[in-house]
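Notes for the one structure printed next.
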2 protein chains.
Amino acid sequence: MKGRWETQLRKGVVELAVLAAIARGETYGYRIVEELRALPGLELTESTVYPVLTRLAGEGLLAIRAEDSPTGPTRRYYRLTADGTRRLQGMAAEWTRVTGSLKGLLEGGPQ
Amino acid sequence: MKGRWETQLRKGVVELAVLAAIARGETYGYRIVEELRALPGLELTESTVYPVLTRLAGEGLLAIRAEDSPTGPTRRYYRLTADGTRRLQGMAAEWTRVTGSLKGLLEGGPQ
DNA sequence: CCTTAGTACTACGCGATACATAGTAGCGGG
DNA sequence: CCCGCTACTATGTATCGCGTAGTACTAAGG
């Protein structure tokens, strides 16, 4: 179960995770949710992922197409646009900075 | 300058950074701010750090003592309590889970 | 004395977003 | 028809980083 802090920690992380998941190849919403729900420390839910997808698409970062599903309703497939790819690169770089600084703090020991 | 996403990314990260900074040895508020302000990807400000210090102290994670400063007003020194140390360990573990999952996504490549 | 700059800390309103909850709709099987 | 799974939408709530606007202390300079 997620506590107060874990919830705050995910803010911002979700967008990065969603973009990264899509960057690995075109995929559809439900599949993304399933995948990210299963990741330790993420455990993302629909109510988070779908609005993020909507938001990113609205910003022109995702290209969308619909396709019939063999097992249920129509699926929405997402791919990164060129802007999306650039955004992801910038975000990944920022993430690297943040994690690098945290690593220094957590492993720095007494100072 | 911090954008929308960077701001969200910091939520949750600040508490971890503050606890980690204090875990390295007793230090005072202004010093913590200076230190965390200078870290790439963090760049934290007073308006963020001081309320976090207040919050963490309120939760019993920090022990506080005041001491005159040779260069300005009285300083507030912070140390981790035993609860604080335990909390930090739990948070560090969660952070490791999150960053591990992100690492897998960002480096996993096509799948 | 006043002003300035640096040290040290407080208060507050705003915008953004993850989360839980509560759905709708399609498909296949019993 | 109902049920379970697939696939997606909508909404209200709680939380917190950020920018802004201070207060107060110390020392140095005019």
Side-chain angles (χ1 to χ4, degrees), chain A residues 1-19 27-37 39 41-59 62 64-78 91 94 98 101, chain B residues 1-19 27-37 39 41-59 62 64-78 91 94 98 101:
Chain A
M1 196 61 251
K2 295 170 189 169
R4 172 188 68 82
W5 178 69
E6 285 84 357
T7 294
Q8 299 302 323
L9 187 58
R10 282 167 187 63
K11 291 184 177 176
V13 169
V14 182
E15 283 195 20
L16 180 59
V18 168
L19 285 173
T27 183
Y28 59 96
Y30 193 76
R31 184 79 189 78
I32 297 171
V33 173
E34 277 189 321
E35 196 178 330
L36 299 184
R37 184 194 293 121
L39 288 180
L42 291 186
E43 301 156 27
L44 304 180
T45 63
E46 296 96 328
S47 61
T48 295
V49 174
Y50 283 111
V52 165
L53 288 170
T54 303
R55 205 156 73 219
L56 296 176
E59 293 176 40
L62 305 179
I64 311 178
R65 69 178 178 89
E67 181 176 313
D68 284 348
S69 156
T71 56
T74 304
R75 287 170 175 164
R76 247 203 173 109
Y77 281 82
Y78 299 89
M91 287 165 74
E94 181 72 6
V98 170
S101 292
Chain B
M1 197 60 251
K2 295 169 188 167
R4 169 188 71 82
W5 178 70
E6 285 84 357
T7 295
Q8 299 301 323
L9 187 59
R10 281 170 189 62
K11 292 185 176 179
V13 170
V14 183
E15 279 194 24
L16 181 59
V18 168
L19 284 174
T27 185
Y28 59 97
Y30 193 78
R31 186 77 189 81
I32 297 172
V33 173
E34 277 189 318
E35 195 178 331
L36 298 184
R37 185 194 293 123
L39 289 181
L42 289 187
E43 301 155 24
L44 305 181
T45 62
E46 296 98 327
S47 62
T48 295
V49 175
Y50 283 111
V52 166
L53 288 170
T54 303
R55 205 155 74 218
L56 296 176
E59 291 177 41
L62 305 179
I64 312 178
R65 70 179 179 86
E67 182 176 310
D68 284 348
S69 154
T71 56
T74 304
R75 287 171 175 163
R76 238 191 181 126
Y77 281 82
Y78 299 89
M91 287 165 75
E94 180 72 6
V98 170
S101 293

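Note that the structure is predicted; figures quoted are calculated from it, not measured. Each chain gets a letter, A, B and so on, in the order the sequences are listed, and its residues count up from 1. All heavy atoms count here, side chains included; hydrogens, waters and symmetry mates do not.
- Taking the ring-ring contact (aromatic ring centres under 6.0 Å, His included) definition, one finds that A:Tyr30 meets it with nothing, sequence neighbours left out.
- With rounding to whole Å, A:Tyr77 atom OH is found 14 Å from D:dT6 atom P.
- Distance check, rounded to the nearest 0.5 Å: CG of A:Leu42 to CZ of A:Arg10 gives 6.5 Å.
- Atom C1' of nucleotide D:dG17 and atom CD of A:Glu94 are separated by 14 Å, given to the nearest angstrom.
- Set against D:dC18, D:dA7, C:dA18, the side chain of A:Thr48 has C:dA18 as its closest nucleotide.
- Contact between the side-chain N/O atoms of A:Tyr50 and the OP1/OP2 oxygens of D:dT9 is not found at any separation under 4.0 Å.
- Residue-level contact check: B:Val52 touches the backbone only, with heavy atoms under 4.0 Å from sugar-phosphate atoms and none from bases.
- Take the nearest nucleotide of DNA chain D for A:Pro70 and for A:Trp5: the residue whose nucleotide is more 5' is A:Pro70.
- Not one side-chain nitrogen or oxygen of A:Arg55 sits closer than 4.0 Å to the OP1 or OP2 atom of C:dA16.
- With C:dC9, D:dC25, D:dA7 as the choices, the nucleotide that has an atom nearest any side-chain atom of A:Tyr28 turns out to be D:dA7.
- Across all strands, A:Thr54 comes closer than 4.0 Å to no nucleic acid atom at all (heavy-atom distances).
- Residues A:Glu43 and A:Glu6 have side chains not in contact (no heavy-atom distance under 4.5 Å, counting atoms from C-beta outward).
- Using a 4.0 Å cut-off on heavy atoms, the residues of residues 8-18 of chain B that approach DNA chain C are B:Gln8, B:Lys11, listed by number.
- At the phosphate of C:dA8, OP1 or OP2 sits under 4.0 Å from a side-chain N or O atom of B:Ser69.
- Here the side chain of B:Glu46 is nearest to one of C:dC19, C:dA8, C:dC9, namely C:dC9.
- Here B:Tyr30 reaches the OP1 or OP2 of C:dT7: one of its side-chain N or O atoms lies under 4.0 Å away.
- Between C:dC19 and A:Ser47, no contact under 4.0 Å exists linking OP1 or OP2 to a side-chain N or O.
- Rounded to whole Å, atom P of D:dA7 lies 7 Å from atom CD of A:Glu34.
- Residue B:Arg76 places at least one side-chain N or O under 4.0 Å from the OP1 or OP2 atom of C:dT10.
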